[in-house]
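Throughout, protein chains are lettered first and strands after them, A, B, ... in sequence-line order, and every chain is numbered starting at 1.
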Number of protein chains: 2
Amino acid sequence: MGVGLQTEEITGRARVLDAAAELFVRQGYVGTTLRQIAAATGIKAGSIYHHFESKEALFVAVLNDGIVVMIDAFDEAQSSLAGTDDVAVHVREHVRSHLSAIFENGPYTTAHVTSFFSAPAEVRAAVVPKRDSYEQKWNQLFEVLFPAANTKELRLRRLILFGAMNATAEWFDPAGNLTVDQLATAISDQFLQGVTQYES
Amino acid sequence: MGVGLQTEEITGRARVLDAAAELFVRQGYVGTTLRQIAAATGIKAGSIYHHFESKEALFVAVLNDGIVVMIDAFDEAQSSLAGTDDVAVHVREHVRSHLSAIFENGPYTTAHVTSFFSAPAEVRAAVVPKRDSYEQKWNQLFEVLFPAANTKELRLRRLILFGAMNATAEWFDPAGNLTVDQLATAISDQFLQGVTQYES
DNA sequence: GTCTATAACATGATAGAC
DNA sequence: GTCTATCATGTTATAGAC
């Protein structure tokens with residue numbers, strides 16, 4: 001639900017969540033302490049346990065919110081594309097929506113893509129259902145857009161695209177020369193046409 | 001130098017390094033303790049300080065060895081391609097060599113690609129020179145292969161490709177259905193031609 | 001080169017007052 | 001809902017014996 005990011009009533013729980021998400025992005029799960037999260041929230045470490053039963057539960061909440069943001073962005077993009085048939089437009093718009101979730105929707109999605117794999121097994125297990133449902137949306141999209149390819153091939157292509165997109169969280173600076181939109185176009189073009197356009 | 005991986009004389013230092021690399025891959029830097037590394041080596045935690053002056057220095061050594069493996073693999077691939085002009089062959093062979101370094105050359109390279117960005121700033125700074133020299137090799141390769149593109153474009157394409165390649169460390173299972181060679185072909189094809197081949 | 005022992009400190013978590 | 005105080009444990013790192 002991206003708690004605390006959209007409404008005025010920012011509860012104490014949401015403020016803890018916001019602070020935690022930001023710190024997890026910068027320092028990872030193990031590298032972030034409850035004392036740091038508490039300090040960033042403006043409370044003391046012990047008080048966090050009024051909102052979450054453990055550090056792991058807090059992490060699960062952050063990662064889950066991260067996918068929810070991505071899922072919402074995906075659905076919105078899909079709605080806005082209802083009247084279009086152009087494969088390239090569909091791909092570009094969904095790539096843009098995924099990157100936008102990472103760079104323009106707070107730290108939740110960024111925390112998800114950067115620290116899902118390094119999360120403790122129990123945390124990953126708790127997050128996997130929603131994460132799977134997001135991946136299924138992409139798989140289904142690809143099956144519609146590329147009916148000539150088989151499921152296995154498309155899954156591989158999706159993993160390659162996800163790798164390229166999620167890695168941007170590690171090197172792309174939205175305040176730099178390139179905008180998120182331009183980055184989305186570059187990745188989408190690359191995914192659709194490759195680099196053959198540059199061959200001499 | 002990939003210490004301890006190639007010769008018979010496996011020094012105590014190299015055995016610590018090997019154990020550390022493997023644990024860093026599985027648990028990350030902060031998630032791995034000196035006691036675990038010592039136990040995996042067959043010594044006690046305090047003894048590690050005979051070989052390395054700190055945990056950070058040990059991490060730096062692992063990450064640096066990881067790039068050295070990649071650099072060696074790159075140079076070898078380049079030598080073996082001396083007689084070929086085919087752009088696709090060059091790209092495929094270098095992609096294969098990069099993936100081979102991750103999946104078939106011990107845990108050093110894997111540790112590098114999975115935990116470079118989450119490493120402490122001082123560690124990253126110590127590793128950056130060699131890392132840069134590897135990236136420059138790719139940039140130079142691309143400028144030769146795609147003379148029609150400008151430097152900025154090629155840097156962006158390289159980052160997209162690196163994202164796709166390095167992310168495989170997180171999901172690809174070399175013991176599964178797909179071989180490393182097949183994975184390399186898929187990524188290389190995707191990079192060169194995109195998915196347009198599947199468009200209806 | 002490895003050991004034991006320990007210093008010095010940080011961590012997640014709990015209990016009970018306000 | 002937040003506080004203080006504290007527990008139990010784990011952490012890197014050091015010192016000196018063997």
| request: Just do the side chain to side chain contact (heavy atoms under 4.5 Å, CB included) check on B:His112 and B:Val127 with the steps written out, would you? | output: CA-CA 10 Å; B:His112 184 99; B:Val127 179; 3.6 Å; yes
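Looking at residues two or more places apart in sequence or on another chain, you find a ring pair (Phe, Tyr, Trp, His ring centres under 6.0 Å) between B:Phe191 and B:Phe142. Partners of B:Phe52 according to the ring pair (Phe, Tyr, Trp, His ring centres under 6.0 Å) rule, which considers only residues two or more places apart in sequence or in another chain, do not exist here.
A:Arg15 places a side-chain N or O within 3.5 Å of a backbone atom of A:Thr41 that can act as its donor or acceptor partner.
Taking the six-membered ring for Trp and thresholds of 30 and 60 degrees, A:Phe172 and A:Phe103 have ring planes more than 60 degrees apart, a perpendicular arrangement. Classified by interplanar angle (parallel below 30°, tilted 30° to 60°, perpendicular above 60°), the ring pair B:Tyr29/B:Phe59 is parallel.
Aromatic ring centroids of B:His98 and B:Phe74 lie 6.0 Å or more apart.
Grouped with A:Val89 in one hydrophobic cluster are A:Leu81, the linkage being side-chain heavy-atom contacts under 4.5 Å among Ile, Leu, Val, Met, Phe, Trp and Tyr residues.
B:Arg131 has its side chain out of reach of B:Arg124: every pair of non-hydrogen atoms, C-beta onward, lies at least 4.5 Å apart.
Residues from residues 44-55 of chain B placing a heavy atom under 4.0 Å of any atom in DNA chain C, listed by number, are B:Lys44, B:Ser47, B:His50, B:His51. Only at 4.0 angstrom or more do the heavy atoms of residues 114-123 of chain B sit from any atom of DNA chain C, so none qualifies.
Rounding to whole angstrom units, CD1 of residue B:Ile43 and C1' of D:dA13 are separated by 14 Å.
When DNA chain C is scanned 5' to 3' for any atom under 4.0 Å from a heavy atom of chain A, the first and last hits are C:dT11 to C:dT14.
Nucleic acid contact class of A:Thr41 (heavy atoms, under 4.0 Å, all strands): none.
Cation-pi contact between B:Arg158 and B:Phe162: present, with separation from the ring centre below 6.0 Å and deviation from the ring axis of at most 45°.
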